[in-house]
Structures are given as structure tokens and as C-alpha cells.
Amino acid sequence: MKIVTIPCLQDNFAYLLICTKTQQAAVVDPSEAAPVISEIERQGVKLTTILNTHHHWDHVDGNQELEAKFPGLIIYGHASDRGRIPGQTEFLKSGDEVRFGEESGTFLHNPGHTTGAVTYVFGKTAFTGDTLFAAGCGRLFEGTPAQMHDSLNVQIGGLADDTELYFGHEYTEANLRFALSVDAGNAEIQQKLEAVSALRSAGEFTTPTTLAEERLTNPFMRCTSAEIHACVKSKEPQHNLVDEEVFRTLRELKNNY
Ligand code: ZN
Ligand code: FE
């Protein structure tokens, strides 16, 4: 499978997934149709499928224009997003497969950012939408801190270390600055911030990351770290340091950073 990153809107990413045996393609989170159509034409592939990670407008707004241009598209989303994802044809529930061309994948249900958020998984490649960003995670619009903690650390965290994670927004540099503020002694964060700042200055994007890198640099996957515990205790001396509660405190600190 070949993956092409398509920057959309201000800081969104859509991804074109190409089955190299059939030249059929799927697009993850087309926030707008025009840049996706240009890339489809450049690659000379046939779009058959849309994979929506959740219902927010900045992930689904290209659906209807793409469906009008490529009639008969299969449009995947979580079963609970019925009525919220324009043109949805597939309603994912536990155990379902995700197919296009000769590729087949699975999905993880990741409530937290929204109740119907999913991560699509094709082998060692995953598309996390707004659940996991490099060095960060989405805001909790519809879920609880405990749900988001589970989605990140148990569901996505259960994938192999060398899984490549393609995320929904270019927020990496700001996320790493926040990460340093709560995990100040972390040399990996400092190093990644330098590398990411250089990439961004050169006009490059930072997607994908890997699960191994996230375990080292993403504060929301480091709820057991001594440095983060010390930071949390400095803000809330009575804190009991249960993982989900550490997560909640981190998310609140990030909201106000
Ligand atoms: Zn979103
Ligand atoms: Fe988004």
C-alpha cells in the first residue's frame, strides 16, 4: 500500500491510500474535495472508498463533492456516527473489516474526542484522526478522560512499537512545547522539538510518527512517568496519581496552556 499525505485547510491532513495491485484508492478524512481530486488525478488512481475517523466537519466536508464526482463510493465510519457522517454507507461495529482494492484492515473504536472516533489499522500503519496527534491528543468533546486514556494507552497503545501513526492535524511543534512544560527533563522531547522545528521552518510536515516515539514523547502516553507525577503534584498536591486522573489533569493543563 502506498500512502500520500494531502495537506488540507489550515493544518488538516487527508491521506490517499493506494492499493498498488489494483490502483484503487481510499482517502482518509477528506476535509475538502479539491486537493484530494488533484492528488487522485496526479497519481492516476481510481477512488473507491472514504475512511472517516469521526464526524467533525474538518474531516468529512469533502465527502459529498467526492461522491458526486465518483458515484458509488463506499464511505466508512463508526456505527454510532450514523446520521453525522455525510453519505456514510458502512457502519462499523466490533470485529468488522475495512476493505478497498485488495487491501484489508481493521479499526479501533476510540471514544474520547467524539463518541464515534475510530483509528483505521492496515498492518503496521494506523490513521488516528483527532484521537492521537504527535506528542498530543484531541480535546474531549464527547468522552471522559478515562475513555480517552483507554483509547490512547490500551487501544492504540496495544499496537506494535514500530506502527506508523498518521494523525489528523499538524500540531506537533506546539504539542512538544507543552510536553516539555510537564516533562522538563525529557531529552527525547527536547531532541524531537529541535528536529520538528527544523522541518517546519523548511515547510515540511511531521506526519507520520511512530508508537515507539509517542511512548517516549507524548505526555498523554506517559501518565506513569515520575517527572509528570511531580508536575501534577505541584499543581494539585492532594492528587492520588491514578493514571486516568493524571490524564485528566494533563488534559486540563493543555486546555489552558
Ligand atoms: Zn475533530
Ligand atoms: Fe479535526
Side-chain angles (χ1 to χ4, degrees), residues 3-17 26-36 39 50-66 75-88 91-92 98 107-121 126-153 155-156 164-176 178 196 200 205-209 214 218 220-221 247-248 250-252 254-257:
I3 301 164
V4 183
T5 297
I6 308 173
C8 294
L9 304 176
Q10 281 290 102
D11 50 35
N12 276 79
F13 293 122
Y15 299 102
L16 190 65
L17 318 188
V27 62
V28 177
D29 285 354
S31 33
E32 48 180 347
V36 174
E39 194 59 46
I50 295 175
L51 305 174
N52 289 126
T53 62
H54 64 297
H55 74 286
H56 282 157
W57 70 272
D58 62 312
H59 299 257
V60 305
D61 248 18
N63 280 21
Q64 278 169 322
E65 200 178 326
L66 289 172
I75 303 181
Y76 283 94
H78 192 257
S80 66
D81 271 340
R82 184 183 288 271
R84 304 207 293 184
I85 292 180
Q88 185 174 0
F91 302 86
L92 291 168
V98 176
F107 78 97
L108 305 172
H109 184 205
N110 292 156
H113 179 64
T114 66
T115 51
V118 298
T119 288
Y120 292 100
V121 182
F127 299 87
T128 60
D130 290 357
T131 299
L132 178 145
F133 303 124
C137 70
R139 283 177 186 264
L140 304 183
F141 287 115
E142 299 180 351
T144 64
Q147 283 178 314
M148 189 59 142
H149 179 271
D150 183 82
S151 291
L152 278 180
N153 290 283
Q155 303 299 322
I156 295 174
E164 294 198 301
L165 304 171
Y166 288 81
F167 43 87
H169 290 266
E170 180 59 69
Y171 293 158
T172 309
E173 195 170 1
N175 284 346
L176 286 164
F178 169 74
V196 159
R200 298 298 294 138
F205 300 111
T206 65
T207 187
T209 181
E214 293 312 298
N218 190 325
F220 298 98
M221 298 189 94
F247 187 99
R248 175 189 58 76
L250 283 174
R251 194 52 259 185
E252 285 168 7
K254 177 68 166 70
N255 290 347
N256 300 315
Y257 183 67

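Whatever order the structure lists them in is the order used to number ligands and atoms, beginning at 1.
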Would you check if the side chain of Q88 reaches a backbone N or O of H78 as a donor-acceptor pair within less than 3.5 Å?
yes
How close do D130 and G168 get, heavy atom to heavy atom, and via which atoms?
OD1-CA, 4.0 Å
Rounded to 10°, the ND1/H56 to the Zn ion (ligand 1) to NE2/H54 angle comes out at 90°
Given NE2 of H113 on one side and OD2 of D130 on the other, what angle do they make at the Zn ion (ligand 1), to 10°?
90°
So the protein N/O/S atoms within less than 2.8 Å of the Fe ion (ligand 2) come down to D58 OD2, H59 NE2, D130 OD2, H169 NE2
Do D81 and N52 get their side chains close enough for a donor-acceptor pair, meaning under 3.5 Å?
no
Check: H109 side chain, V118 main-chain N or O, donor-acceptor pair, under 3.5 Å
no
Does S151 reach the main-chain N or O of P111 with its side chain, forming a donor-acceptor pair under 3.5 Å?
yes
Quick one: does E170's side chain have a donor or acceptor within less than 3.5 Å of a partner on F205's backbone?
no
Is the closest side-chain donor-acceptor distance between H169 and D11 under 3.5 Å?
yes
